[in-house]
Amino acid sequence: MERNAPRKMGFVLLLLFLCIPSATFSNLHEHQPIEEIKPNSRSVINVEGGPDSVIWVVQLSDLHFSVFNPERSLNFRKLVPPTLEMINPSLVFITGDLTDGKSKDLLTMKQDEEEWMEYNRVMEEVVERSGLDKKIFYDLRGNHDSFGVPVVGGSFDFFQKYSINGGLRRTGNVHSVTLQGGGSKHLFVGFDSTMDVGLRGPTNLFGHPTDEMLADLDSELAQWDSQTMESITKISFGHFPLSFSASSDSGKNLKDVFLKHSISAYLCGHLHTRFGKNLKRHHISGHHLDSLDEYFQLNMHHGTQGNNAGSGNCSNKIAPVKEFWEWEMGDWRKSRIMRILAIDAGHVSFVDINLILGAKKTIILPTFPLDSQVMQRISMQDNYICQSTNTSSYETIRALVFSELEIVSVMAKIYDSRPGSLSLIMEAIMKKKEENGTRGDLYVAPWNWKAFTDSSPDRFWLQVEAIDILGTPTFSQLRPFSINGFTAKLDWHWKEFLVMGCQWAALYRPMLWSLLVFLFFLLFIPKAFLICSKEHYSYKNLSVNFNVKSVKKWFCGIFWVLVELSRITSIWFTMLIYLLYLTFFPWLYGQVFTESGSMGYMNLNGWTLKYPARAVNKYIGVPDVMVVVLPHLCFVVLPAILATAALAAEKAAYRVHYLSLSGKKEDDYDIKSKRHGRYEFRSSFCYCWGRWIRKLLLVICLPILWKHWKNCRALTKAYEMNPFLHSPAYSLLIPLLLAYAIYKTKGS
């Protein structure tokens, strides 16, 4: 039996007391019921003036207007109006995070009315100076725009008060607008999938589409399906990428709705450019896809590369594969990015403009042939070879040219990469398509498109050059094209894969329970072995067998370290109680809304609060709480277990060394441990400098404490809580446990 048992049990009882949530925090603030959602908006715009075959729109995203960073709105006010005036788009989409909603230290996240007033002033000026109709602007709510908003339409819902959509009474969650002209329809459907009840950040990171919203989205995307006389191109736009969008309560998701309607593209924001510039993802339906697709997509192009019409047999009527592209765009906040998207005879293309160095004098957007890296595969070979549709749109190279100055010449250049380097094989002068009341300048050049058929998706490359009246040349981005409809390979970097290829909403539960099972495994398996094993598994037993294979040696070493932790009952038992607490009890209490007095508590399953218009509590903020839960388990709890186990093992090893030097023996002393002097040499090496391994372990404990302190500080600021009152177990137990382990293992 251990000495000082009463003192140890007193320490354990103190830790258990810290784990007991106070009943005084359970009185949650009640909010007024949510107003009923008004009908979604739907409109149709007749596009007048030429060119008839093409329309173009502009997307902006993640403005993050902030009272602490006024340059964001100042640059927007300076650069965007003249650029929009030059481009003259049919629609302008602003896909979320209109304001920042963060304190100066970026830790407190709630609505700031001053930021919304600034956004309103800037947008009024943009509309006036650009000369565009305010009705063509569509702005959406992002997660920053819902930080701490308890009630849609309530006093803290500044989006409804200051946004363009709010001012125009577009109050539903889904908005559609159709551009029609030239015998074609172009349907754009935007949606708001932010939380119905907006938590403060950081546990407000995901889109949460509801079954009602998905039904409305499905209805809007299908509104022209009964009219088959005109071609229809469908585009959707929102804030959250699909990798950061949860499923609805019934398990439905956005991807299924988009695939059902085979939209051309989904435009989104949210991720910013810090994760990479290739934040694009191709989605495709089919039974050949494996079950892991629910969690991962390893490549940007879903499925095998190529297209579904590869046979070249025009008599085969194969139903086109259902597919769509997901195109995340860079942010305005730091990158000053603007996107121009064009639809030319059903072909969708885009170009991202970087305005960080100022407004552009000339912008070029090639609309045909398409970039083979991001084009769709829907029967492309049928369109080219079988001529199943009107091929007049294939017979010219086309590009939109926007410029403040007069353009005197435009040249299309095609390069062949087969020689090993780009070799210019074609130059064609492009002529402006003259039409009365033109909305913009479309330049065209005839070409023999059949001469560029090739099995390689990136053999041929296109670039368009425009020269203005001052003699200044402007070049479009050099990009590959494929007449056959084969898609060129475009790989993600690891950061791009993490944010686009991983379906985090689906991954949260498997990752959480895998982590918890692993942590309990680290505690229970060594303890069970210690209780059931007849052999005294110790440092000396391990040292005798150092001649075993390396993998087994490392496994035995780690297992011995964990066994030594289970010998110190007070530390092992406290860690077990802590894991049980994290699994079943609240982690913290805090202010979840912008207004004061709105307390809620968070655990592994999300936040619990008095849900508006409901008589019962409901977990919300799942999987958003993963940004708190998983880092704590991975980078604090797991390292703390390993560090305390290593401290216990170091003490056990030092005790053996101490006894060997003093001439004392223990019952389990094995004489084989001194064979050839191996044991004495290792012991002397490890402890000749005053237990340097222990000192190294003490240093390792510092980053664990630092990481835990950073997490606690961030949550304390974010939810305006007192860590001693509102999260005693979460905040205090790990530091106390490490301190007690250091004290407990200091002697021999």
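Keep in mind that the numbers below use all heavy atoms, side chains included, and drop hydrogens, waters and symmetry copies.
- For the residue pair Asp145 / His239, no side-chain donor-acceptor distance below 3.5 Å is found, with atom types taken as modelled.
- Between Leu515 and Cys634 there is a side-chain heavy-atom pair separated by less than 4.5 Å.
- Inter-residue side-chain proximity for Phe724 and Ser731 is flagged as unmet; no heavy-atom pair is nearer than 4.5 Å.
- One finds the CZ atom of Arg509 at 12.5 Å from the OG atom of Ser514 (value rounded to the nearest 0.5 Å).
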- [ ] Using the side chain to side chain contact (heavy atoms under 4.5 Å, CB included) rule, take Met575 and Leu737 through it: C-alpha gap first, then chi angles, then the decisive distance, then the call.
- [x] CA-CA 8 Å; Met575 185 59 75; Leu737 184 63; 2.7 Å; yes
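- For Glu115 (side chain) and Gly101 (main-chain N/O), a donor-acceptor pair under 3.5 Å exists by modelled atom type.
- Of the possible polar contacts, one joining the Arg694 side chain to the Thr745 backbone as a donor-acceptor pair under 3.5 Å is found.
- Side-chain contact of Tyr740 with Ser570: a donor-acceptor pair under 3.5 Å is present, judged by distance alone.
- Residues Leu633 and Leu638 fail the side-chain proximity criterion, which asks for heavy atoms closer than 4.5 Å.
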Task: Evaluation steps, side chain to side chain contact (heavy atoms under 4.5 Å, CB included), between Ile620 and Asp196 - done: CA-CA 9 Å; Ile620 60 174; Asp196 287 338; over 6 Å; no
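- Residues Phe206 and Met626 meet the side-chain proximity criterion, which asks for heavy atoms closer than 4.5 Å.
- Thr594 and Arg200 share no donor-acceptor pair across their side chains, judged by distance under 3.5 Å alone.
- For the atom pair Arg713 CZ and Trp706 CH2, the distance stands at 11.0 Å (nearest 0.5 Å).
- With sequence neighbours left out, the side-chain contact (heavy atoms from CB on, under 4.5 Å) criterion links Ile700 to Leu696, Leu697.
- Every residue meeting the side-chain contact (heavy atoms from CB on, under 4.5 Å) condition with Ile525, not counting sequence neighbours, appears here in chain and number order: Phe521, Phe559.
- Side-chain N/O atoms of Thr194 and Asn143 include no donor and acceptor closer than 3.5 Å.
- Here Trp607 contributes atom CH2 and Leu199 contributes atom CG; the two are 7.5 Å apart, rounded to the nearest 0.5 Å.
- Every residue meeting the side-chain hydrogen bond (donor to acceptor under 3.5 Å, both in side chains) condition with Ser103, not counting sequence neighbours, appears here in chain and number order: Asp105.
- Panel note: side chain Asp97, backbone His144; a donor-acceptor pair is recorded below 3.5 Å.
- Nearest approach of Asp100 to Ser66, heavy atoms of both residues: CB-CB, 3.8 Å.
- When all heavy atoms of Pro735 and Leu705 are compared, the closest pair comes out as CA-CD2, 3.8 Å.
- By the 4.5 Å heavy-atom criterion applied to side chains, Cys268 and Phe240 are not counted as neighbours.
- Taking all atoms of both residues into account, the shortest heavy-atom contact from Ala640 to Leu738 is O-CD2, 4.2 Å.
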Open item on the list: For a side chain to side chain contact (heavy atoms under 4.5 Å, CB included) check, start with the C-alpha distance between Phe156 and Glu595, then their side-chain angles and the critical distance, and finish with the verdict.
Closed with: CA-CA 8 Å; Phe156 287 96; Glu595 59 186 333; 3.5 Å; yes
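- Between the side chains of Asn299 and Arg281, not a single donor N or O lies within less than 3.5 Å of an accepting N or O.
- In terms of heavy-atom proximity, Pro623 sits nearest to Ala246 at CD-CB, 4.1 Å.
- Minimum interatomic distance between Ser245 and Leu254 (heavy atoms only, all atoms of both residues): OG-CD1, 3.9 Å.
- Met602 has its side chain out of reach of Pro586: every pair of non-hydrogen atoms, C-beta onward, lies at least 4.5 Å apart.
- When the side-chain contact (heavy atoms from CB on, under 4.5 Å) test is applied to Asp331, the partners found at least two apart in sequence or on another chain are Asp62, His272, Thr273, Arg333, Lys334, Ser335.
- Atom NZ in Lys651 sits 13.5 Å away from atom CD1 in Ile742 (nearest 0.5 Å).
- Taking each heavy atom of Leu609 and Phe593 in turn, the nearest pair found is CD1-CZ, 3.4 Å.
- Between the side chain of Asp624 and the backbone N or O of Leu205, at least one donor-acceptor pair lies under 3.5 Å.
- Between Tyr581 and Phe585, the gap from one ring centroid to the other is short of 6.0 Å.
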Open item on the list: Would Glu720 and Lys110 count as a salt bridge (charged side-chain N to carboxylate O under 4.0 Å, His left out) here? Give the steps.
Closed with: CA-CA 11 Å; Glu720 299 183 39; Lys110 58 183 180 180; 3.4 Å; yes
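- Here Asn253 contributes atom CG and Glu294 contributes atom CD; the two are 9.0 Å apart, rounded to the nearest 0.5 Å.
- In this structure, Glu650 does not pair ionically with Lys746, as no charged nitrogen and carboxylate oxygen lie closer than 4.0 Å.
- Listed for the Thr108 side chain is a donor-acceptor partner under 3.5 Å among the backbone atoms of Lys717.
- Summarising the geometry, atom OG belonging to Ser566 is positioned 11.5 Å from atom CD1 belonging to Ile571; distances are rounded to the nearest 0.5 Å.
- A centroid separation of less than 6.0 Å is found between the aromatic rings of His708 and Tyr730.
- The six-membered or imidazole ring of Phe275 lies away from that of His493, with a centre-to-centre distance of 6.0 Å or more.
- At least one side-chain heavy atom of Leu630 sits under 4.5 Å from a side-chain heavy atom of Met511.
- Side chains of Trp587 and Ser727: a donor-acceptor N/O pair is absent below 3.5 angstrom, by distance only.
- Side-chain contact between Val637 and Leu519: present, with at least one pair of heavy atoms (C-beta onward) separated by less than 4.5 Å.
- Put simply, the side chain of His208 never gets that close to the backbone of Met195: no donor and acceptor are under 3.5 Å apart.
- Each of Thr569, Leu522, Val563 was checked for a side-chain contact (heavy atoms from CB on, under 4.5 Å) with Lys527, and the lone residue meeting it is Thr569.
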TODO: Report the C-alpha distance between Met721 and Tyr589 in whole Å, list the side-chain angles of each, state the deciding distance to 0.1 Å, and finish with yes or no for side chain to side chain contact (heavy atoms under 4.5 Å, CB included).
DONE: CA-CA 7 Å; Met721 67 179 189; Tyr589 290 83; over 6 Å; no
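- The closest donor-acceptor contact from the side chain of His632 to the backbone of Val628 lies at 3.5 Å or more, if one exists at all.
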Open item on the list: side-chain hydrogen bond (donor to acceptor under 3.5 Å, both in side chains) for Tyr719 and Thr203? Distances and angles first, verdict last.
Closed with: CA-CA 10 Å; Tyr719 301 110; Thr203 55; 2.5 Å; yes
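- Every residue meeting the side-chain hydrogen bond (donor to acceptor under 3.5 Å, both in side chains) condition with Ser146, not counting sequence neighbours, appears here in chain and number order: Asn204.
- For Leu576, the side-chain contact (heavy atoms from CB on, under 4.5 Å) partners at least two apart in sequence or on another chain are Phe520, Leu523, Phe524, Trp572, Leu580.
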